Amino acid sequence: MSGIYGIINKQYDQPTTETCLNYLSSWNKAYGNNTINSYFSPNLGIGISTEHITNTPVNQTPIISENNVTAVIDTIIYNRNDLIYKYNLSSSYSDEKLLFALITKYGLDELRHVNGDFAGALYDSQAKTLVLFTDHMGIRPLYYYKSDSCISFSTDIRGLIALPDISADINPEYLFNMINGYTTTSHNQTEYSDIYIVTPATYFTIDISKDIYSYSEKSYWKLGSHKIKYLSNKKYISKMRELISGSIRKRLEVFPGLIGAELSGGLDSGAIDILINRFGRKAVFYSWSFDTNDVPIVPNDERLIIQDICDHENISCNYRRKKYNYMDSNLYKSHKEAGLSINPNSNFVDNCALPLFIDTPALSQTAQFISESGSNVVFTGHGGDEGVSHRADSYELLYNKEYFHCLKCLYDQTKGQSNRLIKTIKQFRYKKARGYSYQNDPYKSYLNAPDILRQDFKDKYTDYKATPFYFPFDAISYINSGATQVRIRVATLFGAYSGARYIFPYLDYEVIDYAVSIPRHMYIKNNQNRYIFRQAFKDIFPKSLYELTSKISPSTDVPVDEEDEQDNGKDKDWFEEQKKSAEYLCNRIDRDFWGRFLDFDVIDKLKESDMPTTNEDIMHYQNVLSLLSKCYQFQNTVKKIKNL
């Protein structure tokens with residue numbers, strides 16, 4: 001992918017604008033190999049770090065300008081031929097020029113017909129407007145800062161943090177949610193109070209014609225807006241197979257050479273990898289699970305299923321290694337090139353300036369391995385269980401008023417038991433009574449420690465209503481809450497910095513829209529969860545994958561030899577290590593910054609506390625350390641970037 005960025009500020013002269021553009025450029029270099037800047041007014045500048053990894057025509061003019069419109073666009077289009085035919089566009093156009101021509105000739109609403117991953121910015125010098133847009137599912141994240149007199153945007157959020165006029169304070173609501181274990185996602189908010197992300201399937205217009213800028217947002221597509229009904233289950237199943245296979249095939253067609261793909265031992269990645277292999281593409285497969293030489297096989301181990309898939313398809317899988325030297329990674333090299341000082345004796349977070357992302361090590365190592373193997377793309381199954389393969393709860397049928405199917409589902413679950421009908425009716429009543437809780441109770445992670453927040457800060461959220469856990473019963477609300485974007489954001493950044501870009505076949509807008517629009521009983525039927533997905537690929541799945549209900553992803557917590565086993569049993573040694581971590585964090589947390597939010601009387605007691613003995617106390621102790629680590633990571637990222 002390419003990195004796009006820009007700034008408009010009426011109070012700036014051209015040298016100041018150029019300086020700010022250089023800040024933005026430095027954090028977008030990893031997204032491309034050739035940075036080109038364009039200044040077309042004293043207080044406005046846009047730029048792009050270009051990358052071309054497909055077999056489509058190369059864009060010869062990275063900054064596209066025609067008539068009064070200038071644009072920077074980052075895109076890969078998967079339905080080029082359809083667009084060329086429908087809109088009478090030139091087949092010689094690059095994907096970027098194709099998208100530009102479509103928008104300028106027919107309008108931004110036509111983005112709804114583009115099957116691709118894209119983000120862009122268009123400046124109209126005549127209308128005095130800047131428009132930011134992104135694809136249907138936000139595969140190409142685009143961040144922005146806005147005020148009455150300034151707008152800045154960047155593919156890499158850290159480019160915005162680097163700008164001197166942006167405070168990059170933590171978003172108080174994000175912090176409150178994080179410490180309480182609530183869902184921390186939203187349509188367009190980030191962990192920074194003054195930085196936002198363009199909402200998927202929208203275009204965001206900034207009118208700069210007056211002294212005070214004005215902003216407006218419009219959607220060009222809505223997920224699940226039309227319900228789909230067929231006359232037979234076979235039609236639903238065959239359509240699911242057709243759309244997923246088509247999504248993978250379309251993506252394979254644009255990427256030449258070797259393909260990289262995650263292989264987790266689950267339904268989602270399993271289907272993708274088997275289809276990649278059956279479409280005849282040479283691929284390198286990689287698992288987040290550790291190599292069996294590092295971590296032995298355990299009961300219900302996902303690596304057993306991975307091996308079944310490999311035997312079934314005559315392929316091989318590469319595993320994550322326990323010992324991994326980040327100092328040799330592209331990630332570290334890129335950070336060093338950006339100007340950060342790298343200390344070999346410091347830990348990962350101290351050395352890097354990384355946003356508060358999840359699964360950081362696994363995603364980074366995957367992209368690094370795939371890149372070193374000779375591929376520049378990683379196919380991932382992310383987005384599958386959010387909506388396409390979908391782990392359903394029987395309450396979902398009740399929630400969607402599919403009462404007959406809900407009763408049938410509950411009846412199927414009592415198979416082999418006595419008094420089945422009575423038990424089914426009781427369970428139906430229970431589900432109905434629990435409905436309020438499902439829809440209104442906030443999701444709360446086990447990772448929470450609200451006592452470390454100041455009381456006066458918590459009092460501001462007395463009437464705050466956190467997001468319910470929509471995942472098992474309302475796929476549309478779950479996706480629209482921004483939950484799917486969390487993994488996309490981290491995969492985008494680490495894919496670029498590690499050298500292999502992540503590709504999301506399940507987030508093809510046609511696939512995900514179909515999946516959330518069909519009757520919900522297609523996902524839980526005959527006492528089988530994820531029913532339609534299993535049936536769609538039953539003929540190509542090995543038995544262990546088709547029948548999969550749960551699996552374990554072993555970590556380094558599993559002892560690899562007797563010596564490790566003995567060490568893991570020494571509670572005192574465990575606590576001594578935890579105390580070192582507590583002291584390390586307490587000494588590095590900036591009390592001036594966090595004083596508005598955190599209760600340091602509670603935190604300071606952490607350093608002097610005795611070893612916790614109950615499971616509850618142990619969990620709380622570890623939770624506090626984990627959450628303080630997140631606060632320190634946030635603080636460290638901002639300070640490192642600002643200091644540059």
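Keep in mind that this is a model prediction, so the values were computed, not measured. Atom set for the values below is all heavy atoms of this structure, side chains included, hydrogens, waters and symmetry mates excluded.
At least one cation-pi condition fails for R434 and F473: the charged atom is not both under 6.0 angstrom from the six-membered ring centre and inside a 45 degree cone around its axis. R534 forms no cation-pi arrangement with F541, by the criterion of a distance under 6.0 Å to the ring centre and an angle within 45° of the ring axis.
To the nearest 0.5 Å, atom CD of residue Q485 and atom OG1 of residue T134 are 8.0 Å apart.
Inspection of the S264 and W288 side chains reveals no N or O donor paired with an N or O acceptor under 3.5 Å. For the 3.5 Å distance criterion, the side chains of Y546 and Q535 qualify, holding a donor opposite an acceptor. Donor-acceptor pairing under 3.5 Å is lacking for the side chains of Q368 and Y326. A donor-acceptor contact under 3.5 angstrom links the side chains of S437 and D441, judged on distance only.
K444 and Y182 make their closest contact through CD-CE2, 3.9 Å (heavy atoms, listed as atom of the first residue, atom of the second, distance). Among all heavy-atom pairs drawn from S287 and E302, the shortest one is OG-OE2, 4.1 Å.
Around atom OH of Y430, no more than 12 heavy atoms belonging to other residues, nucleotides or ligands sit under 6.0 Å away.
In this structure the side chain of R241 reaches within 4.5 angstrom of the side chain of D539, judged on heavy atoms. Looking at Y174 and L356, their side chains come closer than 4.5 Å, going by heavy atoms from C-beta outward. Contact check for K525 versus I532: no side-chain heavy atoms found under the 4.5 Å cut-off.
Scanning for side-chain contact (heavy atoms from CB on, under 4.5 Å) contacts around K282 gives L258, with sequence neighbours left out. Qualifying side-chain contact (heavy atoms from CB on, under 4.5 Å) partners for D385, counting only residues two or more places apart in sequence or in other chains: D268, S389, R391, F471, R530.
Under the 30°/60° scheme for interplanar angles, the aromatic rings of Y523 and H390 are found to stand perpendicular.
With ring centers used as reference points, F404 lies 6.0 Å or more from H521.
The list of ring-ring contact (aromatic ring centres under 6.0 Å, His included) pairs with a residue in residues 224-268, not counting sequence neighbours, reads Y230-Y236.
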